[in-house]
Amino acid sequence: MKRLKFLVLSLLTLTLFGITGCEKVEQSELTLDLSKTATIKVTYWADLDLTQLGYEKVPDGIKVLVTIPNSAFNPTASGHWSTTAETVDGSIEVTVPVVLNGANVTFTPEEFEYDQVQTPDNPSQTIKKHFALSSSHSLTAKPGQNYTRDIKYNNVTTVEGQDEMISRKFEIRAILEAGQPSEIITNKTITIYSPNNWSTTATTDDKGQLTVQLPKNKTCYFEFEAQKDIDSDPAVEDFKNYKYTKTFSSSSSSEAVTILDFGNGEIWE
């Protein structure tokens, strides 16, 4: 189930959203002529499904604050006329007061969170994203006119605490004998973790390879322990327990095999 969480842009927006569907004129001692009107339909779009081309209509219930400065009706007036509307099938339609020369109407939709559908190559089927607009949008409306606008949410970020995952393949190598080159590490369990308390394990196969899902754009630490022959004389064996550590970070999935060479490691007894 996709869940929707509304986030309010500002205290002003919060206050005005509390009177959804009601028009409001901020107090003014001057007379304002609100008899002339125009109708405006705005449709909001967002990239909710990465498996589909283009954008999708935003979910129902997104609140949009609509404001017009009172100075449009009387140059010496202060404050704003305002109303709020909620999206239905991605759109709002409002009738607003205007003047012969046109009134500047500003629309401020609220931010929202949504479980964005990911592409098939992404290990995560959905990732919770935060959708916002970089700024409000306006148009000049005149009496008796009908206007339509399409607006795209252009600021999309991953919700904090939600790790987007990528899939990577590795070949694990390390030096297990002093004076010798790195060798493939087979059938070894590798501990993998990142500083944000994420961790997992993966075991190499008989080719020293493993496949693992990692947090995108996060530094991950690969660790394992093994017995290392620290005597370079082939006739002498002197094994000590060593710890091997390697870091890795990537921004995308890949089917290619990446070689992780852990080198000499450090004694760990």
Side-chain angles (χ1 to χ4, degrees), residues 1-21 39-67 82-94 96 105-139 146-168 194 196 198 200 212-218 249-255:
M1 178 71 66
K2 298 181 178 179
R3 296 180 300 164
L4 178 64
K5 179 182 176 183
F6 297 126
L7 301 175
V8 179
L9 291 173
S10 65
L11 182 58
L12 172 61
T13 305
L14 177 62
T15 301
L16 293 175
F17 284 171
I19 56 168
T20 302
T39 300
I40 306 170
K41 180 179 181 179
V42 183
T43 302
Y44 290 94
W45 303 82
D47 200 358
L48 305 179
D49 188 345
L50 299 184
T51 67
Q52 303 297 320
L53 293 176
Y55 284 60
E56 293 71 45
K57 293 178 180 179
V58 301
D60 290 351
I62 300 296
K63 296 181 178 67
V64 182
L65 175 66
V66 185
T67 60
S82 66
T83 189
T84 57
E86 293 188 9
T87 56
V88 176
D89 193 28
S91 301
I92 65 164
E93 185 169 325
V94 292
V96 299
V105 186
T106 298
F107 297 83
T108 306
E110 66 181 346
E111 303 174 7
F112 68 95
E113 291 180 2
Y114 192 86
D115 291 331
Q116 184 189 58
V117 178
Q118 302 300 298
T119 54
D121 62 341
N122 193 316
S124 302
Q125 291 185 345
T126 62
I127 297 175
K128 188 174 292 296
K129 296 287 186 173
H130 184 93
F131 292 83
L133 285 173
S134 56
S135 63
S136 300
H137 55 284
S138 302
L139 64 84
N146 293 297
Y147 301 87
T148 59
R149 292 292 185 273
D150 290 278
I151 304 296
K152 294 179 180 178
Y153 275 76
N154 58 359
N155 188 350
V156 183
T157 56
T158 301
V159 174
E160 185 176 356
Q162 299 286 312
D163 283 328
E164 183 175 349
M165 307 300 286
I166 59 174
S167 180
R168 299 292 303 217
S194 67
N196 64 338
W198 172 89
T200 190
V212 65
Q213 295 180 12
L214 304 175
K216 182 179 180 179
N217 293 324
K218 297 288 181 66
S249 177
S250 181
S251 61
S252 62
S253 296
S254 176
E255 291 294 318

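Quantities reported herein were computed from a predicted structural model and do not represent experimental measurements.
Checked by atom type and distance alone, the side chain of E110 never pairs as donor or acceptor with a backbone atom of V64 at under 3.5 Å. No donor-acceptor pair closer than 3.5 Å links the side chain of Q116 to the backbone N or O of K129. Under a 3.5 Å cut-off, the side chain of S250 and the backbone N or O of S252 do form a donor-acceptor pair. Judged by distance alone, the side chain of D49 and the main-chain N or O of E56 form no donor-acceptor pair under 3.5 Å. Of the possible donor and acceptor atoms, one in the side chain of S253 sits under 3.5 Å from a partner among the backbone N and O of S167. The main-chain N or O of S249 is never found under 3.5 Å from a side-chain atom of R168 such that the two would form a donor-acceptor pair.
Interatomic distance, CD of E113 versus NE2 of H130, reported as 6.5 Å (0.5 Å rounding). For the atom pair S134 OG and N154 CG, the distance stands at 4.0 Å (nearest 0.5 Å). For the atom pair CG of N217 and CD1 of I166, the computed distance is 7.5 Å after rounding to the nearest 0.5 Å. Atoms CG and NZ, from D150 and K41 in turn, are 9.0 Å apart once rounded to the nearest 0.5 Å. In this structure, NZ in K216 is found 10.5 Å from OG in S124, a value given to the nearest 0.5 Å. Atom OG1 of T108 is separated from atom CG of L65 by 5.0 Å, given to the nearest 0.5 angstrom.
Residues satisfying the side chain to side chain donor-acceptor pair (under 3.5 Å) criterion with W198, sequence neighbours excluded, are absent altogether. In this view, T87 satisfies the side chain to side chain donor-acceptor pair (under 3.5 Å) rule with no residue, not counting sequence neighbours. Remark: T157 pairs with no residue by the side chain to side chain donor-acceptor pair (under 3.5 Å) rule, at least two apart or across chains.
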Stepwise side-chain contact (heavy atoms from CB on, under 4.5 Å) test for Y55 and K152 = CA-CA 8 Å; Y55 284 60; K152 294 179 180 178; 4.1 Å; yes

Can you check side-chain contact (heavy atoms from CB on, under 4.5 Å) on L50 and Q118, steps first, answer last?
-> CA-CA 5 Å; L50 299 184; Q118 302 300 298; 3.7 Å; yes

side-chain contact (heavy atoms from CB on, under 4.5 Å) between V212 and T200, worked out | CA-CA 9 Å; V212 65; T200 190; 3.9 Å; yes

Apply the test side-chain contact (heavy atoms from CB on, under 4.5 Å) to residues K128 and T158: give CA-CA distance (whole Å), side-chain angles for both, the deciding distance (0.1 Å), then the verdict.
-> CA-CA 6 Å; K128 188 174 292 296; T158 301; over 6 Å; no

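In this structure, the side chains of I40 and V105 come closer than 4.5 Å at one or more pairs of heavy atoms. Side-chain atoms of W45 and V58, non-hydrogen and from C-beta on, never get closer than 4.5 Å to each other. Contact annotation: the side chain of D89 approaches that of K57 to within less than 4.5 Å [non-hydrogen atoms, C-beta and beyond]. Side-chain atoms of T43 and I151, non-hydrogen and from C-beta on, never get closer than 4.5 Å to each other. Within the 4.5 Å cutoff, the side chain of S138 has no heavy atoms near those of the F107 side chain. Considering only heavy atoms from C-beta on, V66 comes within 4.5 Å of V96 through its side chain.
Note on ring orientation: taking the six-membered ring where Trp is involved, the planes of F131 and Y114 are perpendicular (angle over 60°, cut-offs 30° and 60°).
For the residue pair T67 and S82, the shortest heavy atom distance occurs at CG2-CB, 3.9 Å. D60 approaches G90 most closely through the heavy-atom pair OD1-N, 4.0 Å. Residue I62 comes nearest to P59 through the heavy atom pair CG1-O, 3.3 Å, listed as atom of the first residue, atom of the second, then distance.
Ring-centre distance between Y44 and H137: below the 6.0 Å cut-off.
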